[in-house]
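Remarks on the structure that follows.
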Amino acid sequence: MIVELVEFVHPAGTSRADVIESARATLPHWQADPDLLRKHYLLGTDGRSGAGLYFWTDIAAARRAHSADWVAAAEQRTGQAVRIRHFELLMTLDNV
């Protein structure tokens, strides 16, 4: 399993409510991807930084979902660079 961390900065003036509304609008897109196992939407404690934490079946699925075109569109939308990192999930501890 591949874990992908996609980091970005929300445009200045974006409220928490705006972030939630924007995230909700993406739910159908991500729910339709059969290779996406789980996604966490993250908002930095600074209120401006954001991230998506994705759990994929494999690295090819992650790269398909976040292609150069997707990155360009995200950077156009936010006005900032997007950083993408991939990890192999070694193990999970869930105290919930």
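Predicted model only: the values in this text are computed from it and were never measured. For this chain, numbers begin at 1 and follow the sequence in order.
A salt bridge (charged side-chain N to carboxylate O under 4.0 Å, His left out) check over residues 36-57, counting only residues at least two apart or in different chains, returns nothing.
Hydrophobic clustering, with ILVMFWY side chains joined whenever heavy atoms are under 4.5 angstrom apart, groups Leu89 together with Phe87. Under a hydrophobic-cluster definition in which Ile, Leu, Val, Met, Phe, Trp and Tyr are linked whenever side-chain heavy atoms come within less than 4.5 Å, directly or via other members, Val3 and Leu36 are assigned to different clusters.
Remark: Asp35 engages Arg64 in a salt bridge, criterion side-chain N to carboxylate O under 4.0 Å.
Here the shortest heavy-atom pairing between Trp56 and Ala61 reads CE3-CB, 3.8 Å. In this structure, His10 and Gly50 approach most closely via the heavy-atom pair NE2-CA, 4.0 Å.
Atoms CZ and OG1, from Phe8 and Thr78 in turn, are 8.0 Å apart once rounded to the nearest 0.5 Å. For the atom pair CZ (Phe55) and CG (Leu37), the distance works out to 9.0 Å, reported to the nearest 0.5 Å. Separating the CZ atom in Arg85 from the CG atom in Leu53 is a distance of 10.5 Å, to the nearest 0.5 Å.
In the displayed structure, Glu21 atom CD is contacted under 6.0 Å by at most 12 heavy atoms of other residues, nucleotides or ligands.
Listed for the Glu75 side chain is a donor-acceptor partner under 3.5 Å among the backbone atoms of Val82. Remark: the backbone N or O of Ala23 is paired with a side-chain donor or acceptor of Thr26 at under 3.5 angstrom.
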Where do Leu43 and Arg16 land on the side chain to side chain contact (heavy atoms under 4.5 Å, CB included) test, with the steps shown first? CA-CA 8 Å; Leu43 178 62; Arg16 188 177 202 288; 4.0 Å; yes
Walk me through it: do Ile59 and Arg63 pass the test side chain to side chain contact (heavy atoms under 4.5 Å, CB included)? CA-CA 6 Å; Ile59 191 75; Arg63 290 187 172 140; 3.6 Å; yes
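Contact annotation: the side chain of Ile84 never approaches that of Leu5 to less than 4.5 Å [non-hydrogen atoms, C-beta and beyond]. Between Gln31 and Asp33 the shortest side-chain heavy-atom distance does not fall below 4.5 Å.
His66 pairs by the side-chain hydrogen bond (donor to acceptor under 3.5 Å, both in side chains) definition with Glu4, Tyr54, not counting sequence neighbours. Scored by the side-chain hydrogen bond (donor to acceptor under 3.5 Å, both in side chains) test, Asp18 finds Ser15 as partners (sequence neighbours excluded).
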